[in-house]
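First comes the structure, then the notes that go with it.
Treat the numbers as computed from the prediction; the structure is a model and nothing was measured. Just so it is clear: chains get the letters A, B, ... in the order the sequence lines come, proteins before strands, and each one is counted from 1.
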Amino acid sequence: MLDIEDLTSWLPREVVELYQKEGIRELYPPQAEAVERGLLEGKNLLISVPTAAGKTMLAELAMLKAALNGGRSLYIVPLRALASEKQAAFSRFSDLGIKVGLSSGDMERRDEYLGRNHIIVATSEKADSLIRNGAQWIRDLSVLVVDEIHLLDSTNRGPTLEMTITKLLRINPNMQVLGLSATVANAREVASWLSSDLVESRWRPVELKEGVICNGELHFPGETVSIPSRRDDLVDLVEDTMNQGGQILIFESSRRNAEATAAKLARVVSKRTEKTRQGLDLGQNEGQRKKQGRVQESLLSEKVLATGESETGKKLAECVKSGVAFHHAGLLSEQRAIVERGFRSGEIRAIASTPTLAAGLNLPARRVLIKSYKRYEGARGMVAIPVMEYRQMAGRAGRPGLDPRGESFLMAKNDAETRDLLDHYVHGEPEEIFSKLAMEPALRTHLLSTMATGFAKDAEELKRFVDSTFYAHQQDAWHLDATIETVLDFLIESQMIEPDLRPTPLGALVSRLYIDPLTARIVVDNLRSKETTKITDLTLLHLITMTPDMDTLYVQASDGWVEEFIDQHYGEFCNEDNYDWMMREAKTAALLLEWIGEAEEEKIADRFRVGPGDIRRVAETAEWLMHSAGRLSEHLELGATFRIYQLEKRIHFGAGPDLLSLLDLKGVGRVRARKLHRAGYRSLDDLKGADVAEIAEVVGPRIAEKLMAQLRSGAG
DNA sequence: TAGCCAAAATTATAGACAGCATGTC
DNA sequence: CTATAATTTTGGCTA
């Protein structure tokens, strides 16, 4: 055991005191090991320990040490939400004079300004983008922290993480690297790639009991316990948890199941609210608890309703009234935040969730129930999840300092399945992780950026660069080499790099826009081939839905109208050979068309059978791609530039073409712009000539005043 | 022939990063 | 192309 006092050998007393004030007296064993291995002496470390075993604090110590010596640290996370969480946490060091910056796609300060911070938190894509756009400060890092580094294994986003790390290592040869990882079978391999020592441990601050629940019995390794009353395993376990004053997270494999389970629990639980609420572990006396419980409960469901009148929102509000919720990506981020806050405060006692909550925020519960350990994977049907993901979910059980221990259960139907699950998950070892860099889409993007950013000038340098990746470190390179050939040919043919591999201006632009080169190719080819006069809004919307950067909507059997839609607008669509894709693209484009036609979100959600969160996500992606298409059109003078930028703006606001000029005003979005338009104010000039009182009739006095001020200063 | 129940057929299926330049109701 | 669970439709049977 290492006392926190002992850290004064490396760090100033004020740092140590800060942690003491937070109640920390000694380091956890894995933390002590990291310090002994040279964490505070600049050593590279890969720390592979369970959730909540104090990884973040280790990163903090290393970053603080660097900051107090005038150094700069970059902390890479996989999710935007995690980035803001970390930034908020690190901001408590401001008393020590330490500045923290945040950089992610939706939260941006000027790149160079960012460099004035001691600690910068960024998503891996944003870090990559900062390198591509030539931020200077990123060439002077003392410490690099990579959170959840096991995501190197992810098909989607692993390659970006891998390339970003590789590039950062290249430009900062003396930087200390800290990899934070879940437990994986081949942590040593990752450690060796990073030239780092490995700190590996199974230690947890709260004991975790893992088991399987089946027909009223809890099977732990070597022990079986019955739970009271035998009707329905799910309901029994939830009630038992609540009777103990605990909270429970339930993992489901689909949104529908998550919603159905939450609704079911809400029905059962509401019958016995009073009794359960008394058990809640909120650290208040009983009277306070009852009162607050009621008041906040209704506040919470009202808050949900205030986020929108969608079907999803109503369902959620109904559940929340009973202290239950569901959680998935179809929710608005505001709705998710309410659910998360409600759970943390204890007002929500059970959440039925898709895997959103497994990887995301720190939201522990006393118990975890993994109702479904299988997941639908397109062509492969239902597939059992990897042990690593099971651990990720199970590890959510047990709140340090609040629960005596955590318990996590897989749900089984019979004895045979129970044995299998105990064997495979509870006793099983996590899998190895493998670099996914050799996938063609990943290489398309990253080879271009490697050339465009000057990490390699010719084939030989490229080879050397690729040799320093985790892929080359781990696997035989022949497959990689073959794919590289294919991809380079594509990039040359698309005129993004010269035959000698030097980037063209087009290639440089594509790299900075952070789009897949194939996206750029599709946009350029289609804009070139389509006669300008025949291009409609729908043409442009369809164009961006065709690109690999757009996640198209799923077409269901009940979406028969899509075929009609395609027939009706046949001439407006771009060429698409694959009819299945065409349906998905057309459906997605149709959603966007309704969005810019000012349809209410509720109607869109209903017609397309998506959640409100999906609408925003599609619109957000479309806006980014439309912007990129505009830049491409501008660069190559393809003739549609102005119309594309107008469309980008309409996608941003979800507004019709006649509102474009009104939207330039601050404080005016799709709703107020439409109100003004209906009242006869169709342009800024109309407004300038008007009386404040008249405008106040339409949008209220406060806004009207604000608008007039803008108009006076804007047009003189 | 309405009404009920069980068997068969049908249906649907997780998540979320990036550009740019600042503020919807 | 590989699965599963929830939902809907169909079909068999009874009264």
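Pair assignment for dG23(B) gives none, since no Watson-Crick or G-U wobble pairing has each distance under 3.5 Å. Pairing for dC5(B) goes to dG11(C), judged as Watson-Crick or G-U wobble with the two contacts each under 3.5 Å. Checking dG15(B) for Watson-Crick or G-U wobble geometry (two distances, each under 3.5 Å) identifies no partner in any strand.
Between the CG atom of Asp549(A) and the P atom of dC17(B) there is a distance of 14 Å, given to the nearest Å. Protein atom CG of Leu662(A) is 12 Å distant from nucleotide atom P of dT24(B), rounded to whole Å. Atom-to-atom, CD of Glu252(A) to C1' of dA14(B) comes out at 12 Å; the value is rounded to the nearest Å. Regarding His635(A), its NE2 atom lies at a distance of 18 Å from the C1' atom of dC20(B), rounded to whole Å. For Leu151(A) and dA14(B), the CG to P distance is 20 Å, given to the nearest whole Å. Rounding to whole angstrom units, CG of residue Leu625(A) and P of dA16(B) are separated by 18 Å. For Glu601(A) and dC25(B), the CD to P distance is 12 Å, given to the nearest whole Å. Atom P of nucleotide dA5(C) and atom NZ of Lys371(A) are separated by 10 Å, given to the nearest angstrom.
Remark: Lys264(A) engages Asp232(A) in a salt bridge, criterion side-chain N to carboxylate O under 4.0 Å.
The shortest distance between the side-chain N/O atoms of Arg609(A) and the OP1/OP2 oxygens of dA12(B) is below 4.0 Å. Within the 4.0 Å cut-off from OP1 or OP2 of dC25(B), not a single side-chain nitrogen or oxygen of Arg674(A) is found. OP1 or OP2 of dG15(B) has at least one side-chain nitrogen or oxygen of Arg255(A) nearer than 4.0 Å. Contact annotation: Lys374(A) does not reach the phosphate of dA3(C) (side-chain N/O to OP1 or OP2, under 4.0 Å). For Arg631(A) and dG19(B), the shortest distance from a side-chain N or O to OP1 or OP2 is not below 4.0 Å. Taking only side-chain nitrogens and oxygens, Arg80(A) comes nearer than 4.0 Å to OP1 or OP2 of dA18(B). For the OP1/OP2 pair of dG15(B) and a distance below 4.0 Å, the side-chain nitrogens and oxygens of Thr354(A) include at least one atom meeting the criterion. Put simply, Ser129(A) has a side-chain N or O that comes within less than 4.0 Å of OP1 or OP2 on dG19(B). Dashed line: the shortest gap from a side-chain N or O of Ser558(A) to OP1 or OP2 of dT10(B) is not under 4.0 Å. In this model, the phosphate group of dA18(B) is approached by a side-chain N or O of Thr123(A) to a distance below 4.0 Å at OP1 or OP2.
Although no hydrogens or angles enter the test, the distance criterion places a donor-acceptor pair under 3.5 Å between the side chain of Glu162(A) and the main chain of Phe470(A). Although no hydrogens or angles enter the test, the distance criterion places a donor-acceptor pair under 3.5 Å between the side chain of Lys649(A) and the main chain of Leu660(A).
Mapping Arg375(A) and Arg157(A) onto DNA chain B via the closest heavy atom, the residue that lands nearer the 5' end is Arg375(A). Between Glu648(A) and Leu665(A), the residue anchored closer to the 5' end of DNA chain B is Glu648(A), taking for each the nucleotide with the nearest heavy atom.
When heavy atoms are screened at a 4.0 angstrom cut-off, Gly654(A) is found touching no nucleic acid atom at all. Using a 4.0 Å heavy-atom criterion, one finds that Arg702(A) contacts no nucleic acid atom at all. At a threshold of 4.0 angstrom between heavy atoms, the contacts of Val668(A) are confined to the sugar-phosphate backbone, with no base atom among them. Within the nucleic acid shown, Tyr376(A) comes within 4.0 Å of at least one base atom, counting heavy atoms only. Using a 4.0 Å heavy-atom cutoff across all strands shown, Thr160(A) reaches no nucleic acid atom at all. Residue Glu623(A) is in base contact, counting any heavy-atom pair closer than 4.0 Å across all strands shown.
Under 3.5 Å, the side chain of Arg617(A) and the base of dA16(B) form at least one donor-acceptor pair of N or O atoms. Contact annotation: side chain of Glu125(A) to base of dG19(B), donor-acceptor pair absent below 3.5 Å. Counting distance only, with no hydrogens placed and no angle test, the side-chain atoms of Asp128(A) and the base atoms of dC17(B) include no donor-acceptor pair under 3.5 Å.
Annotation: dA14(B) and dA6(C) have their P atoms spaced 14 Å apart (nearest Å). The P atoms of dT4(C) and dA16(B) are separated by 26 Å, rounded to the nearest whole Å.
Classification of the Phe608(A)-Trp561(A) ring pair by plane angle, with boundaries at 30° and 60°, yields perpendicular.
Of the candidates dT4(C), dC25(B), dG15(B), dG15(B) carries the atom nearest the Asn156(A) side chain, counting heavy atoms from C-beta on. In this structure, of dG15(B), dG19(B), dA18(B), it is dG19(B) that holds the atom nearest to the side chain of Leu513(A). Comparing dC20(B), dA5(C), dA14(B) by their closest approach to the side chain of Asn133(A) singles out dC20(B). Which of dA6(C), dA18(B), dC17(B) sits closest to the side chain of Asp551(A) comes down to dC17(B). Closest to the Lys666(A) side chain, of the nucleotides dT22(B), dT11(B), dA14(B), is dT22(B).
With contacts defined as side-chain heavy-atom distances shorter than 4.5 Å, the pair Val510(A)/Leu632(A) qualifies.
For Glu697(A), the CD atom counts as loosely surrounded, since its 6.0 Å shell holds 12 or fewer non-hydrogen atoms of other residues, nucleotides or ligands.
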(message) Could you walk me through whether Ser104(A) and Arg80(A) satisfy the side-chain hydrogen bond (donor to acceptor under 3.5 Å, both in side chains) test, starting with their C-alpha distance in whole Å, then the side-chain angles of each, then the deciding distance to 0.1 Å, before giving a yes or no?
(response) CA-CA 6 Å; Ser104(A) 71; Arg80(A) 291 169 177 180; 5.0 Å; no
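Leu144(A) pairs with exactly one of Thr164(A), Ile76(A), Ile138(A) by the side chain to side chain contact (heavy atoms under 4.5 Å, CB included) rule, that one being Ile76(A).
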